Amino acid sequence: IELTRFVQPEKIEIDANERAVNEKSPYCFFVCTTFDSFLNDLYTYYPILEKANYAAVAQLAQLRQFVQSDVSVCSDGDYGFIDWGDMPSGTYNWDMVANAASTDWATTGEFSSIASNHCGATAVTNFALYFANCGYSNLKINSSVYDTFVAVHNIVGNGPVMTIADEAKEYFTDRGYTLKTSSVGSFSGIQTAIGNDRPCGILLANAIVDWHWVICVGYRAYNSGGSYMRVVDGWNDTTLKFYLCNSGSTWISATQYWVA
């Protein structure tokens with residue numbers, strides 16, 4: 001098949017003969033068998049990507065590498081997230097950004113009546129809620145998670161979105177603050193960011209182009225091996241979820257955030 005359509009709100013599962021055989025799970029993505037057909041339809045939905053945009057070019061290059069790698073187009077939709085109680089035993093080093101446990105995190109389900117494919121907008125909302133909890137109180141509008149999401153969604157819009165940093169900066173500027181960001185390219189970089197109390201926006205790919213934004217608020221590094229991010233997954237109001245790097249889904253990008 002060529003790119004069939006933009007799937008909302010369910011996703012298509014593809015069998016070995018590349019036929020759409022089933023639609024399941026509440027995650028958004030495109031279905032295609034060639035990267036070129038994916039790009040053609042992506043430009044239809046997002047014509048701005050045809051303009052010179054070096055950040056987008058870098059993201060597309062990462063996606064091309066992912067598509068061309070030996071991965072299955074069928075997946076279970078959970079991105080490999082692990083509950084606290086299911087984590088391995090053993091000794092480890094760990095850290096978590098300050099105030100993460102006390103933050104009132106937003107979830108995509110709270111806004112399903114007004115938005116779709118909105119994990120990106122939810123992630124930006126959660127950055128606003130986190131930093132509001134750190135003292136930048138004007139980021140949380142009317143002390144309301146819902147009102148904050150509405151304002152963020154007016155900037156970010158529905159997804160899928162490949163980047164959220166510029167939109168997050170716009171929202172923070174509108175609320176009177178300067179947000180800074182920088183890319184993180186390794187787990188050691190994640191550890192450094194967390195040690196500096198800088199949560200990270202993580203883009204994961206669960207299948208060919210089945211994306212999901214999460215926020216990394218901590219890590220656990222086992223002495224015997226095994227590097228885990230502690231994440232706010234956007235579906236649960238908790239910091240008790242973990243992600244083993246590149247297990248269950250592919251780590252596409254990471255960006256650390258802080259207020260100047």
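Remember, predicted model here, so these are calculated numbers, not experimental data.
In this structure the side chain of Ile252 never reaches within 4.5 angstrom of the side chain of Leu204, judged on heavy atoms. Looking at heavy atoms from C-beta onward, Met229 lies in side-chain contact with Ile202 at the 4.5 angstrom threshold. Side-chain contact between Val232 and Thr239: present, with at least one pair of heavy atoms (C-beta onward) separated by less than 4.5 Å. Contact check for Arg198 versus Tyr257: no side-chain heavy atoms found under the 4.5 Å cut-off. Counting only heavy atoms from C-beta outward, the side chains of Asp166 and Glu170 never approach each other to under 4.5 Å. Between Phe187 and Asn246, every side-chain heavy-atom pair lies at or beyond the 4.5 Å cut-off. Using a 4.5 Å cut-off on side-chain heavy atoms (C-beta onward), Phe172 and Tyr136 make no contact. For the pair Trp251 and Leu203, the minimum side-chain heavy-atom distance is 4.5 Å or more.
Connection of Leu139 to Tyr146 is not established within any shared hydrophobic cluster, with ILVMFWY side chains joined at heavy-atom distances below 4.5 Å, either directly or through further cluster members. Hydrophobic clustering (ILVMFWY, side-chain heavy atoms < 4.5 Å, transitive): Val150 and Val161 are in distinct clusters.
Side-chain polar atoms of His212 and Asp233 form no donor-acceptor pair below 3.5 angstrom. Between the side chains of Asn142 and Asp147, at least one donor N or O sits under 3.5 Å from an acceptor N or O. Defined by atom type and a distance below 3.5 Å, a donor-acceptor pair is missing between the side-chain atoms of Tyr171 and Asn154.
The side chain to side chain donor-acceptor pair (under 3.5 Å) search around Tyr222 returns Arg220, not counting sequence neighbours. When the side-chain contact (heavy atoms from CB on, under 4.5 Å) test is applied to Ala106, the partners found at least two apart in sequence or on another chain are Glu110, Phe111, Thr122, Thr125, Asn126, Leu129, Val145. Applying the side chain to side chain donor-acceptor pair (under 3.5 Å) test to Thr91 and every residue at least two apart in sequence or in another chain returns Asn223.
Listed for the Asp197 side chain is a donor-acceptor partner under 3.5 Å among the backbone atoms of Ala98. A distance-only check finds a donor-acceptor pair linking the side chain of Asn158 to the backbone of Ser116 [under 3.5 Å]. Using modelled atom types, no side-chain atom of Ser249 and backbone atom of Asn206 make a donor-acceptor pair closer than 3.5 Å. For Thr148 (side chain) and Ile141 (main-chain N/O), a donor-acceptor pair under 3.5 Å exists by modelled atom type. At least one donor-acceptor pair closer than 3.5 Å links the side chain of Tyr177 to the backbone N or O of Asn138. Of the possible donor and acceptor atoms, none in the side chain of Ser144 sits under 3.5 Å from a partner among the backbone N and O of Lys140. The backbone N or O of Leu244 lies less than 3.5 Å from no partner atom in the side chain of Ser247, so there is not a single donor-acceptor pair.
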Side chain to side chain contact (heavy atoms under 4.5 Å, CB included) assessment of Thr255 paired with Cys200
CA-CA 5 Å; Thr255 302; Cys200 299; over 6 Å; no

Working for side chain to side chain contact (heavy atoms under 4.5 Å, CB included), residues Phe149 and Ile114:
CA-CA 10 Å; Phe149 174 83; Ile114 62 170; 4.0 Å; yes

Side chain to side chain contact (heavy atoms under 4.5 Å, CB included) between Phe242 and Trp84, worked out
CA-CA 7 Å; Phe242 290 84; Trp84 175 283; 3.5 Å; yes

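The minimum heavy-atom distance between Tyr130 and Ala100, with the atom names listed, is CE1-N, 3.9 Å. Contact between Val184 and Ile190 at its shortest, heavy atoms only, is CG1-N, 3.4 Å. For the pair Pro199 and Val97, the tightest heavy-atom approach, listed with the atom from each and the gap, is N-CG1, 3.9 Å. Shown here for Phe127 and Gly201, the closest heavy-atom pair between the two residues is CZ-N, 3.5 Å. Looking at every heavy atom in both residues, Thr107 comes nearest to Asp237 through CG2-N, 3.6 Å. Pairing each heavy atom of Ala123 with each of Ile215, the nearest pair is O-CD1, 3.4 Å.
Note that OG of Ser227 and OH of Tyr243 are 11.5 Å apart. Values are rounded to the nearest 0.5 Å. For the atom pair CE of Met96 and CZ of Arg230, the computed distance is 4.0 Å after rounding to the nearest 0.5 Å. The distance from the CH2 atom of Trp258 to the OG1 atom of Thr181 is 6.5 Å, given to the nearest 0.5 Å. Of the inter-residue distances, the one linking Cys119 atom SG with Ile164 atom CD1 reads 8.5 Å to the nearest 0.5 angstrom. Distance check, rounded to the nearest 0.5 Å: CG of Leu179 to OG1 of Thr173 gives 8.0 Å. Taking OG of Ser183 as the reference point, atom CD of Gln256 lies at 9.0 Å (rounded to 0.5 Å).
Of the candidates Asn236, Val217, Ile82, Asn236 is the only one forming a side-chain contact (heavy atoms from CB on, under 4.5 Å) with Lys241.
For Trp235 and Phe81, the ring centers sit closer than 6.0 Å to each other.
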